[in-house]
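What follows is a single structure, written as structure tokens, with notes after it.
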Protein chains: 2
Amino acid sequence: MVGDNGATRGGLDDGTHPTKDGKKATIRDVANWAKVSLGTVSNVLNDPDRVAAATRNRVLDAIEATGFIRNIAARQLRGGGSKAIGIVILDSSNPFFTEMIRGAEDALRPEGYLLIACSTDGNEERETNYLRHLEEHQVEGVLITPSDDNLGQIIEFHDRGTPVVLVDRESNSGELCSVTVDDVKGGSIAVTHLIEEGHRKIVFINGPSSIRQCRDRRAGVDVAIRTLKNNSNTDKIEIVDIGVPALSIAAGEDIANSLLDIDPSITAIMCANDLLAIGVMRGITRSGSDLLSRIALVGYDDITFSSLVSPPLTSVRQPQYDLGHAAAKLLLEELADATHRHREIRFTPDLVVRESSCKHSIQS
Amino acid sequence: MVGDNGATRGGLDDGTHPTKDGKKATIRDVANWAKVSLGTVSNVLNDPDRVAAATRNRVLDAIEATGFIRNIAARQLRGGGSKAIGIVILDSSNPFFTEMIRGAEDALRPEGYLLIACSTDGNEERETNYLRHLEEHQVEGVLITPSDDNLGQIIEFHDRGTPVVLVDRESNSGELCSVTVDDVKGGSIAVTHLIEEGHRKIVFINGPSSIRQCRDRRAGVDVAIRTLKNNSNTDKIEIVDIGVPALSIAAGEDIANSLLDIDPSITAIMCANDLLAIGVMRGITRSGSDLLSRIALVGYDDITFSSLVSPPLTSVRQPQYDLGHAAAKLLLEELADATHRHREIRFTPDLVVRESSCKHSIQS
DNA sequence: CTGAAAGCGCTTACAG
DNA sequence: CTGAAAGCGCTTACAG
């Protein structure tokens, strides 16, 4: 489909094909082939209507014939924009984030943006590195779930000129757009459910308190307890806090052993996310203990797999895809409008009750 | 930490900070600040030893003070390379690929590369688009799991000058490096296991035959049957083929209904991957049927969640992380050495037997 | 060891 | 409607 067209239609005198293992075709090769100037080729690329149809078609043919691929680096150097967006997340192996990325990508792809996804594993140094790399690559914007509570470097990054939207994290005083889910509420509805099921002594397995989600979910527990106390009849409720270093299956599995000979008055476990809960389940199951059948368990995120584990896991559902999608939309807004006013979008989570927290009601 | 250093240490006469919401600092701002030429700044950046320590430190201070961030676009235009690698996969929501990406990234990050991950969902048009975008962005190399059997456009892409390593797909005649897992073998060991468990009539739920993995896994079944027949005593074995449009949980769930009133002589189901198998499990469970307790089920990939579903899923393990890691290493080799000889790395899968395929042995 | 100059591939006013 | 020219920010020989 390419071949010696070049020779017959005019253009390259020597008949060689510019893309053939020599250098890549440039806009200049296209111009030569089509017998027009560089500027005209550029116009065809960027503002086709400005070019007469006949000329335009000749240029289009030349692009086809030479195998020309526009060099974004050069374009952007002239102010064209990189057409790339960075997305910085905490954990690429958590399906929660995978879904979020999918949401963002579906919003960005139609606009011609390429998404560069970076997983920090909650490591702030990695975050710093990724941000620098993204800035070096001149991404036009960044979606980020901060790995640390301190927004300092992110705000500096933003002030240096790259639009930023926070995902699953609010900005302190509206300096940035954000899309969040109410984690206090989420923690609250989860523990309320457990209490309503009759549990009075509950273990809360939490991730690093540097992660805001972890703190808020835990705070929601206290809110719920306070509310219930005011509303009377509930007797003393006790929360036993256990911290683990990561929100992962492995961390859950590691902590499982220490749960085996737990105070028998404890009847429920709440985990800061589903991976942790699933890890706890696996650890307990592997140990051969029947603890799982005696205790209620709830997670957080409602990732796809949570409905598939055994027993199916009760969880707090967050609109994962929508989080990413909404964040991307905000970013596009900011990209399109320099005078953009920052906005904060907040979703409300809801509880998905499954067997893991209701053995009694199901068995009886 | 920045502030008016500029004024005291020399440099900018007006005392303004170049990064403050004006334009970004360029190499020229750094040069002015440090009272050296552009070339010297560039040398500090690219070949620090060439610059005298005193000068170098002054330049380093200037970089710090001006908040200079190198512009990769400009650098690469001069031939410096984009320091970006593309990875094109089939399905970003399949943990198999997530792990693979993690493997690749761990190999690439230390070398300073940024990974651009693109999920085609098996759609060839999306693949074409992503390849063009990656080429426009001048990625230095691409790791790709082709969405289609036809390697044509990938080979053209490679011939145009970007190194490519195939992942989970062999090149036809060694034109490209590749890292694969023996899927024929995998299909073979999975079905052999079922046959050894006594199953004679087996359903094979397969994805699109345009995906090589699907074809090979199915082919492995035939290989196994042929081998067993030659080795005597096995009576007739029957495979019932069912095709679904995607290798996803949703596709598995959709097909589950049609399995409910299945010929009772069928005692086992084999799925082309774990997501499909997990979807089938979910579909059957949701329907309220007890089919799952009567039938053996095996999947393929051994994603993390497969050991956690109920019943735990027997699966063919592939070294997901290693696949990505090895592919990235091959790419780095090709990047470093133009005279590079293409290599094909092939891993061998193994069977992980769990309850889903051994109810009898476990219950009895 | 340091600096001046050319040029990477493109876009953008500005003439014609 | 089309072309010539300047310049984006950097790197790379090449002089000095």
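Letters go in sequence order (proteins before strands), and every chain restarts at 1.
Between the CG atom of B:N32 and the P atom of D:dG9 there is a distance of 13 Å, rounded to whole Å. Computed from coordinates, the A:Q138 CD to D:dG9 C1' distance equals 9 Å when rounded to whole Å. The distance from atom CD1 of A:I63 to atom P of C:dG9 is 16 Å, rounded to the nearest whole Å. The interatomic distance linking A:N57 (CG) with D:dC1 (C1') rounds to 15 Å, in whole Å. Between B:I72 atom CD1 and C:dC8 atom P the separation is 20 Å, expressed in whole Å. For B:H137 and C:dG9, the NE2 to C1' distance is 15 Å, given to the nearest whole Å. B:L77 has its CG atom 13 Å from the C1' atom of C:dA6, to the nearest Å. Rounded to an integer number of Å, the gap from CG of A:D29 to P of C:dC8 is 12 Å.
Taking the six-membered ring where the residue is Trp, A:H342 and A:H340 present perpendicular rings, their angle passing 60° and hence far from 30°.
Checking A:E135 against A:T162 by side-chain atom types alone, no donor-acceptor pair falls below 3.5 Å. Side chains of A:E127 and A:S147: a donor-acceptor N/O pair is present below 3.5 angstrom, by distance only.
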What is the per-nucleotide protein-contact pattern of nucleotides 11-16 of chain D, from the 5' end, where B denotes a base atom under 4.0 Å from a protein heavy atom, S denotes such proximity for sugar-phosphate atoms only, and - denotes neither?
BB-B--

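Among the nucleotides C:dC10, C:dG3, D:dT2, the one closest to any side-chain atom of A:T26 is C:dC10. Closest to the side chain of A:N71, out of C:dG3, C:dG9, D:dC10, is C:dG9.
Between B:T40 and C:dT2 there is no side-chain polar atom (N or O) within less than 4.0 angstrom of OP1 or OP2. Between A:T55 and the phosphate of D:dC1, there is no side-chain N or O to OP1/OP2 separation shorter than 4.0 Å. In this structure, A:S37 does not reach the D:dA4 phosphate: none of its side-chain N or O atoms is under 4.0 Å from OP1 or OP2.
With the 3.5 Å cutoff on both pairing distances, Watson-Crick and G-U pairs in DNA chain C assemble into runs of at least 3 at C:1-3 with D:14-16, C:5-12 with D:5-12, C:14-16 with D:1-3.
In terms of heavy-atom proximity, A:H137 sits nearest to B:I72 at CE1-CG2, 3.9 Å.
For the pair B:N46 (side chain) and B:S42 (backbone), a donor-acceptor distance under 3.5 Å is present.
By the 6.0 Å contact criterion, CZ on B:R28 is open, its count of non-hydrogen atoms from other residues, nucleotides or ligands being 12 or less.
Screening B:R126, B:R132, B:H133 for a side chain to side chain donor-acceptor pair (under 3.5 Å) involving B:N129 leaves a single residue, B:R132.
A salt bridge does not link B:K329 to B:D322: none of the charged nitrogens lies less than 4.0 Å from a carboxylate oxygen.
In this structure, CG in A:L108 is found 8.5 Å from CG in A:L335, a value given to the nearest 0.5 Å.
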